[in-house]
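To start, the structure under review is shown below, and the notes come after it.
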Protein chains: 2
Amino acid sequence: MPTSRSYRDSCGVARALDVVGERWALLIVRELLLTPQRFSELRHALPHVSSNVLADRLRELENNGVIHRGPAETEGSTAYQLTEWGRNLEPIVRGLGEWGVDAPQPPEPSALSASSVLIFLEDAARPDPKAPPTVCRLDLGGRVWTVRLADGRLRVQAGETATADASLRADPKTLSTLLNDPSTLETARANGSIAVVGDLSAIRRLLHTIPRNDHPTTP
Amino acid sequence: MPTSRSYRDSCGVARALDVVGERWALLIVRELLLTPQRFSELRHALPHVSSNVLADRLRELENNGVIHRGPAETEGSTAYQLTEWGRNLEPIVRGLGEWGVDAPQPPEPSALSASSVLIFLEDAARPDPKAPPTVCRLDLGGRVWTVRLADGRLRVQAGETATADASLRADPKTLSTLLNDPSTLETARANGSIAVVGDLSAIRRLLHTIPRNDHPTTP
DNA sequence: CTGGATCCGAAACGATACTG
DNA sequence: CAGTATCGTTTCGGATCCAG
């Protein structure tokens, strides 16, 4: 049963939190920023949310016009996606993410979804504007993403692309480690925790878009 | 006793919500955006939070480095204020406020603090850049604020100012009504729900910085 | 008065098991 | 796959009480 409590405050901030202030709500929005996702994909991305709470949140967000159910790519099934109003949360969620990286690390074991790493990548990347345009195909935890590096901007899209300079298969945590310390690329490739196909230097350019700050960070 | 649960997610968004995601936390931050406030002022601004939860949140936010206790203006007492890190939440809270005004209105009775109206005013005002610079003194629910209108910007400061074109005393809800419908200014003045001293047209200019959109809104 | 602390019932959450 | 059902635990909300 969805939550019904309210802050009873006319202020816009309070009204926003009446809608997306309940536990897990903004993390669900984060997951849907890059692409629609199905119930089981959300469970996989947010392994610590229990299924009843996830169902409650999705119902609540749908009733409040933040998300809606639509047809999934694979026919016959449905996926949750942001409404136009829900999409307006994007700068807020990204802002929270940038603010939160300065918080103390959470205790292990700690989850990390593909969306989390990719959103961090988009926001933290500072590609050299003079570097050659690069397209990477990422196979991250069972889904395929396209990362485009051009004009001093890094952009992530869900799905395949026709032409990629290189392809990288990894899980989100490993990619996060690589972004923190690109020098581990060779070892990771050697021990099989990642797989690279194509132009290795393209992957290397991708990893080096994150400015180094000496002390490691996690998305 | 402060909350101890965590999302156990390394993502920046989740780490941010581990710190400011508990109930009432971001509304406390909202209250502290314009000026430090004391425990009793926060209780007055957030009448629906119970004192134990407020105390818990303040402790938690202090432990996490979002706020700290400092000497209040009136000596002998202390006030809560944002740390440098906490202040970085400002664009996020303002963004939430702008997003939230499109949400359905909460049920009455609904609170509205001075900070809420003033932050809404700052974010929603679109002053005519060619209008004459104007300084208004606002007496809003027991505290005095200075509103400066110049160069197409509206800025709010806590406290008195030496030279003001006009002075307005009102409570937050009344000011909100006036901002929604400036035509009620005369009636409000007549029935004593507000008091104006000085240049009435300055107040009128202030109220007209909010773009009309036909259907009423509340901060 | 200010700045909380204590107590208690109600609601939300977390974990696990189960079903169409 | 996409959720329900159940149940123990935590947090919240509301009222009251207390020390400085």
Side-chain angles (χ1 to χ4, degrees), chain A residues 1-9 14 17-28 31 36-63 67-81 107 109 111 142-143, chain B residues 1-9 14 17-18 20-28 31 36-62 67-81 106-107 109 111 142:
Chain A
M1 183 180 325
T3 307
S4 62
R5 60 184 172 187
S6 159
Y7 285 104
R8 286 172 290 169
D9 189 315
L17 293 174
D18 275 342
V19 175
V20 293
E22 299 299 325
R23 208 159 161 74
W24 297 104
L26 281 175
L27 294 185
I28 293 170
E31 281 305 310
Q37 292 200 236
R38 305 194 308 179
F39 191 88
S40 56
E41 294 177 303
L42 291 171
R43 288 207 69 179
H44 182 249
L46 302 170
H48 296 301
V49 64
S50 40
S51 55
N52 55 351
V53 173
L54 178 57
D56 282 355
R57 269 324 146 260
L58 291 171
R59 239 192 309 276
E60 194 178 339
L61 290 171
E62 186 177 15
N63 291 338
I67 65 176
H68 67 100
R69 290 162 206 253
E73 291 186 14
T74 73
E75 84 299 335
S77 183
T78 67
Y80 296 92
Q81 56 190 284
R143 275 179 86 144
Chain B
M1 184 180 324
T3 307
S4 61
R5 61 183 172 188
S6 160
Y7 286 104
R8 287 171 290 169
D9 188 316
L17 292 174
D18 275 342
V20 294
E22 299 297 326
R23 209 161 160 72
W24 296 104
L26 281 175
L27 294 185
I28 293 170
E31 280 307 309
Q37 294 202 234
R38 307 193 308 179
F39 191 89
S40 55
E41 295 178 302
L42 291 171
R43 287 208 68 180
H44 181 250
L46 303 169
H48 296 300
V49 65
S50 41
S51 59
N52 56 351
V53 174
L54 179 57
D56 282 354
R57 266 331 143 256
L58 290 170
R59 239 191 310 275
E60 194 177 337
L61 289 171
E62 186 176 14
I67 66 176
H68 67 100
R69 291 161 206 254
E73 292 187 10
T74 73
E75 83 298 336
S77 182
T78 67
Y80 295 92
Q81 56 190 284

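What you see is a predicted model; the values in this text were computed from it and never measured. Order of the sequence lines fixes the chain letters, A, B, ..., with proteins taken first and strands second; residue numbering starts at 1 for each chain.
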Could you tell me the separation between the [atom1] atom of [X] and the [atom2] atom of [N], rounded to a whole number of Å?
X       : N      : atom1 : atom2 : value
A/His48 : C/dT16 : NE2   : C1'   : 16 Å
A/Phe39 : C/dT19 : CZ    : C1'   : 14 Å
A/Tyr80 : D/dG3  : OH    : C1'   : 8 Å
B/Asp9  : C/dG14 : CG    : P     : 13 Å
A/Arg43 : C/dT16 : CZ    : C1'   : 10 Å
B/Leu46 : D/dC12 : CG    : C1'   : 15 Å
B/Asp56 : D/dT11 : CG    : C1'   : 9 Å
A/Leu27 : C/dG14 : CG    : C1'   : 15 Å

If only side-chain N and O atoms of [X] are considered, is one of them under 4.0 Å from the OP1 or OP2 phosphate oxygen of [N]?
X       : N      : value
B/Arg59 : C/dA5  : yes
B/Arg57 : D/dC12 : yes
B/Trp24 : D/dG13 : yes

* Taking atom CZ of A/Arg143 and atom NE2 of A/His44, what is their separation to the nearest 0.5 Å? ->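 If I round to the nearest 0.5 Å, the distance is 12.0 Å.
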* To do: Could you check whether B/Ser51 gets within reach of a base, just the sugar-phosphate, or nothing at all, counting any heavy atom under 4.0 Å?
  =>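 Answer is base: heavy atoms of B/Ser51 come under 4.0 Å of a base.
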* Report which part of the nucleic acid B/Ser50 touches: base, sugar-phosphate, or nothing (heavy-atom distance under 4.0 Å, all strands). =>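 It contacts base atoms.
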* To do: Please tell me which of A/Leu58 and B/Ser4 maps to the more 5' nucleotide of DNA chain D, matching each residue to the nucleotide holding its nearest heavy atom.
  =>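 By nearest-heavy-atom nucleotide position, the 5'-most residue is A/Leu58.
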* Pairwise 5' ranking along DNA chain D for A/Tyr7 and A/Ser77, keeping only the more 5' one ->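 Of the two residues, A/Ser77 wins.
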* Asked: Do any N or O atoms from the side chain of A/Arg8 and from the backbone of B/Pro109 form a donor-acceptor pair under 3.5 angstrom?
  ->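 No; zero donor-acceptor contacts below 3.5 Å.
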* To do: Please confirm whether any donor atom in the side chain of B/Asn52 sits under 3.5 Å from an acceptor in the base of D/dG14, or the reverse.
  =>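 In this structure, the two groups form a donor-acceptor pair.
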* Start at the 5' end of DNA chain C and walk down; is the nucleotide closest to B/Glu41 or to B/Ser6 reached first? ->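 First, find each residue's nearest nucleotide; the 5'-ward one identifies B/Glu41.
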* Asked: Do A/Val49 and A/Ile28 come within less than 4.5 Å of each other through their side chains, counting heavy atoms only?
  ->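 The answer is no, as the side chains (C-beta and beyond) never meet within the 4.5 Å cut-off.
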* Does the side-chain hydrogen bond (donor to acceptor under 3.5 Å, both in side chains) test come out yes or no for A/Arg38 and A/Tyr80, once each step is laid out? -> CA-CA 6 Å; A/Arg38 305 194 308 179; A/Tyr80 296 92; over 6 Å; no
* Check each of B/Val53, B/Asp56, B/Leu58 against B/Trp24 using the side-chain contact (heavy atoms from CB on, under 4.5 Å) test, and report the only one that passes. =>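 Answer to the side-chain contact (heavy atoms from CB on, under 4.5 Å) test with B/Trp24 among B/Val53, B/Asp56, B/Leu58: B/Val53.
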